[in-house]
Protein chains: 2
Amino acid sequence: MPQVQSTFRALADPTRRDILVMLRDCDLTIAEVAENFDMTRAAVKKHLTVLSDGGLITTRTSGRERINALNPQGIDPVMDWLKYFDIFWDDRLATLKTEIEKDRK
Amino acid sequence: MPQVQSTFRALADPTRRDILVMLRDCDLTIAEVAENFDMTRAAVKKHLTVLSDGGLITTRTSGRERINALNPQGIDPVMDWLKYFDIFWDDRLATLKTEIEKDRK
DNA sequence: CTTTTATGATACTAAATAGTATCACGTCAA
DNA sequence: TTGACGTGATACTATTTAGTATCATAAAAG
């Protein structure tokens, strides 16, 4: 059960946010993720570990490959925390939900 | 106009998130914020600068005091980014909005 | 005017972080 | 079996970050 801190920390790096966007479309092995970045596979692996610690991704092994997938519930701790600002961004929240539904059409 | 990265970074530190929670109730000077932490005023000042860079707070000067206030729109870049995960957390968003309205009663 | 108070700013230290290089290990294929 | 491939893990370096200490400046109070 990841702490809220580990989730916020995982989201704080642009490379890791890019990885999450990639995983939104399809699951990827470490090597496949690394192809999209100008850094070594080992560095990408570290980012994936941080994302896993933050509960934002899950991993499963298939033979010698490790497949990374987005964890739908991973964002929950962040959302729970943001709730503290309800009196300020409640209206915005409603607007966002409308935009999401519009995008899906 | 703060970049999304500076906002995510500002949120990634537990001390800074605590400061935001404090400012949710009332505006505070640097010294008043510092009273709540076991660290020097200079350290708190640095955190406030990061929060300001991230657009999460605004500051105004009153005499020799500098008053820090929560910026309602500061969280927008983060919310915009989270929109990318719409297909996963749309249902959760609706649930959260319900909880917020319930809490307000 | 003198003193106190709140802040701004700089220099410095320690720890965390992002990255590389390297090697070991298990799996798959010829 | 032999080797290539994908990964795990460690050691190392450079940068960023969180914090302190210190001093300068400006405003409020006497």
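Hydrogens, waters and symmetry mates are skipped; everything else that's a heavy atom, side chains included, is used. Every chain is numbered from 1, with letters handed out A, B, ... down the list of sequences.
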Write down the distance between [atom1] ([X]) and [atom2] ([N]), rounded to a whole number of angstrom.
X: A:L28; N: D:dG6; atom1: CG; atom2: P; result: 14 Å
X: A:L48; N: D:dG8; atom1: CG; atom2: P; result: 9 Å
X: B:E65; N: C:dT4; atom1: CD; atom2: P; result: 19 Å
X: B:R9; N: D:dT16; atom1: CZ; atom2: C1'; result: 8 Å
X: A:Q5; N: D:dT17; atom1: CD; atom2: C1'; result: 13 Å
X: B:I30; N: C:dT5; atom1: CD1; atom2: P; result: 17 Å
X: A:D53; N: C:dT17; atom1: CG; atom2: P; result: 11 Å
X: B:D18; N: D:dA18; atom1: CG; atom2: C1'; result: 15 Å

In terms of heavy-atom contacts, B:P77 and B:G74 come closest through CD-O, 3.2 Å
Per the under-4.0 Å heavy-atom filter, residues of residues 37-46 of chain B near DNA chain D come out as B:M39, B:T40, B:A42, B:A43, B:K46
Donor-acceptor pair under 3.5 Å, B:R64 side chain vs C:dA6 base: no
- Message: Check this for me, if you would: do A:D27 and A:R60 make a salt bridge, where the nitrogen-to-carboxylate-oxygen distance has to be below 4.0 angstrom?
- Response: yes
Short side-chain N/O contact from A:R66 to OP1 or OP2 of D:dG6, under 4.0 Å:
no
Stem ranges of DNA chain D by first residue number, counting only runs of at least 3 Watson-Crick or G-U pairs under 3.5 Å, come to C:1-30 with D:1-30
Requested in this report: Tell me whether B:L11 is reachable from B:V33 by hopping between hydrophobic residues (I, L, V, M, F, W, Y) whose side-chain heavy atoms are closer than 4.5 Å.
Outcome: yes
Ranking C:dA18, D:dT7, C:dG19 by distance to the side chain of A:H47, first place goes to C:dG19
Carefully, step by step, assess A:I75 and B:L82 under the rule side chain to side chain contact (heavy atoms under 4.5 Å, CB included). CA-CA 9 Å; A:I75 213 77; B:L82 291 175; 3.5 Å; yes
| Is the shortest heavy-atom distance from the side chain of B:I19 to the side chain of B:F37 under 4.5 Å? | yes
